[in-house]
K.L.:
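If you scroll down you'll find the structure; I have some questions about it.
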Amino acid sequence: MKILKDNNNLIIEDVKSFNIMQILECGQCFRFYKIGELDYLIIAHNRVLRVEQKDNQVILYNTSMEDFEKIWSNYLDIHTDYNSIKETLLTKDSNLIESINVKEGIRILKQDTWETLISFIISQNKQITHIKQVIENLSKEYGTIIGEHNGVDYYSFPTPEQLAGTTDEALRNCKTGFRAPYILDTSQKVASGEIDINELKKASTSEAREKLISIKGVGNKIADCVLLYGLGRTEVFPTDVWIKRIVEHMYLKEESKLDKIQEFAATHFGELAGYAQQYLFYYGRENKIGK
DNA sequence: GACCAGGGTAACT
DNA sequence: AGTTACCATGGT
């Protein structure tokens with residue numbers, strides 16, 4: 001892999017295990033817009049980034065080398081060796097061959113902790129398209145303009161302070177529904193420092209999980225999503241209805257409770273459970289495994 | 001119109 | 001400790 005500069009754009013050449021469509025549409029993130037084939041706008045870290053993929057080239061438009069080193073290489077998880085991860089997973093479990101082959105270009109984005117916390121609170125009992133819609137509503141209402149593309153403005157994800165000052169009714173107007181009090185409460189606790197995002201980053205996985213679950217509206221599944229997508233804890237195995245069905249169908253052969261599925265993932269996939277979850281979720285959901 | 005969606009809480013046994 | 005109704009909202 002090497003990085004080339006082309007006017008205001010950066011080109012990543014010969015990057016393996018990278019498919020921008022799979023990375024964005026595997027269900028881990030919500031703020032992106034498809035503008036063409038393998039061509040997307042990503043809203044992250046208070047920036048608008050256009051990423052287009054052509055053959056073995058990934059083009060990052062209007063980006064400096066400095067931003068790449070500081071933000072995007074980390075966000076896109078560029079320096080993680082996914083070939084090695086996939087090989088190790090396959091030696092642990094050859095049943096993964098199909099999902100890994102089909103979804104070979106997944107990478108787990110390193111997303112902002114605060115944004116994943118609110119996003120996955122919104123996600124409960126909602127479909128992915130609705131989640132995206134509600135997050136866009138919130139960003140337009142409470143965020144700030146951070147960029148433009150083809151005459152359309154794009155907004156940052158609101159800060160804790162921006163959300164802490166609103167009301168339950170205003171949040172419901174953004175179609176948050178019964179999640180509105182959860183969002184408001186969480187925002188006020190983060191804004192006041194009662195919940196410290198930086199402490200979560202330093203805490204052990206189990207300590208961080210415990211703190212996350214203490215937030216009203218955050219249970220096991222949402223806490224694990226924040227741990228995996230927003231805190232880089234790649235050993236956790238978020239277990240939603242889909243992953244539950246998939247694991248039951250592919251491995252356990254019977255209805256199983258959450259703790260049994262967690263135990264299975266930990267012993268079966270070990271430290272790589274988060275990656276395995278991502279391949280299984282995206283492939284299994286698309287093919288309705290177990291449904 | 002019932003049923004379900006990348007669940008969680010509170011009020012029940 | 002283990003179930004169950006309910007929570008907004010939009011799509012099928």
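Quick note on labels: first sequence line is chain A, next is B, and so on, each numbered from 1. Computation of the quantities below employed the complete heavy-atom set of this structure, encompassing side-chain atoms and omitting hydrogens, waters and symmetry-equivalent molecules.
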K.L.:
Under 4.0 Å, heavy atoms only, any strand: does A:Tyr229 hit a base, just the sugar-phosphate, or nothing?
P.N.:
base

K.L.:
Determine the Euclidean distance between corresponding C1' atoms of C:dC6 and B:dA5; express it in Å to zero decimal places.
P.N.:
15 Å

K.L.:
How many angstroms lie between CD in A:Gln124 and SG in A:Cys225, if you round to the nearest 0.5 Å?
P.N.:
11.5 Å

K.L.:
At under 4.0 Å between heavy atoms, what does A:Arg179 touch on the DNA or RNA strands: base, sugar-phosphate, or nothing?
P.N.:
base

K.L.:
Applying side-chain contact (heavy atoms from CB on, under 4.5 Å), run through A:Leu231 and A:Lys201 and close with a yes or a no.
P.N.:
CA-CA 6 Å; A:Leu231 287 165; A:Lys201 293 180 181 173; 3.7 Å; yes

K.L.:
Mind checking if A:Gly217 touches a base, just sugar-phosphate, or nothing, with heavy atoms under 4.0 Å?
P.N.:
sugar-phosphate

K.L.:
Identify whether any heavy atom of A:Lys257 sits under 4.0 Å from a base atom; if not, whether one sits that close to sugar-phosphate; answer base, sugar-phosphate or nothing.
P.N.:
sugar-phosphate

K.L.:
Find the distance A:Ile128:CD1 to C:dG10:P and express it as a whole number of Å.
P.N.:
18 Å

K.L.:
Around atom NZ of A:Lys140, are there more than 12 heavy atoms of other residues, nucleotides or ligands at under 6.0 Å?
P.N.:
no

K.L.:
Does a side-chain heavy-atom distance below 4.5 Å link A:Asn125 with A:Arg179?
P.N.:
yes

K.L.:
By the 4.0 Å heavy-atom rule, please label A:Cys26 as base, sugar-phosphate, or nothing.
P.N.:
base

K.L.:
Between B:dT9 and C:dG10, how far apart are the two P atoms, rounded to whole Å?
P.N.:
24 Å

K.L.:
Considering every strand and a 4.0 Å limit on heavy-atom distances, what is the contact class for A:Val218: base, sugar-phosphate, or nothing?
P.N.:
sugar-phosphate

K.L.:
Who does C:dG11 pair with, Watson-Crick or G-U, both distances under 3.5 Å?
P.N.:
B:dC3

K.L.:
NA contact type, A:Ile215, heavy-atom cut-off 4.0 Å: base, sugar-phosphate, or nothing?
P.N.:
sugar-phosphate

K.L.:
Pick the nucleotide of DNA chain B nearest each of A:Phe30 and A:Lys216; which residue has the one closer to the 5' end?
P.N.:
A:Phe30

K.L.:
To the nearest 0.5 Å, tell me how far A:Glu286 CD sits from A:Cys26 SG.
P.N.:
11.0 Å

K.L.:
When both hydrogen-bonding distances must be under 3.5 Å and the geometry is Watson-Crick or G-U wobble, what is C:dC6 paired with, if anything?
P.N.:
B:dG8

K.L.:
In whole angstroms, how far is the C1' atom of C:dC7 from the CD1 atom of A:Ile222?
P.N.:
13 Å

K.L.:
In whole Å, what is the span from the CD atom of A:Gln124 to the C1' atom of C:dT9?
P.N.:
13 Å

K.L.:
Report yes or no: do A:Ile122 and A:Ile128 belong to one cluster of Ile/Leu/Val/Met/Phe/Trp/Tyr joined by side chain heavy-atom distances under 4.5 Å?
P.N.:
yes

K.L.:
Just to be sure I understand the rule, does A:Phe281 reach a base, reach only the sugar-phosphate, or reach nothing, if contact means heavy atoms closer than 4.0 Å?
P.N.:
base

K.L.:
Within 45 degrees of the axis of the six-membered ring of A:Phe32 and under 6.0 Å from its centre: does A:Lys132 put its NZ or CZ there?
P.N.:
yes

K.L.:
If you walk 5' to 3' along DNA chain B, what is the first nucleotide with an atom under 4.0 Å of a heavy atom in chain A, and what is the last?
P.N.:
B:dA5 to B:dA10

K.L.:
Tell me the interatomic distance from A:Asn137, atom CG, to C:dA8, atom P, rounded to whole angstroms.
P.N.:
17 Å

K.L.:
Rounded to whole Å, how long is the line connecting atom NZ of A:Lys288 with atom P of C:dT12?
P.N.:
11 Å

K.L.:
Can you tell me the distance, in whole Å, between the CG atom of A:Asp259 and the C1' atom of C:dG2?
P.N.:
12 Å

K.L.:
Got a second to check how far A:Leu10's CG is from A:Trp72's CH2, nearest 0.5 Å?
P.N.:
11.5 Å

K.L.:
For the C1' atoms, the ones on B:dC3 and on C:dA5, what distance do you get once it is rounded to whole angstrom?
P.N.:
16 Å

K.L.:
Which is true for A:Lys175 with a 4.0 Å heavy-atom rule: it touches a base, it touches only sugar-phosphate, or it touches nothing?
P.N.:
sugar-phosphate

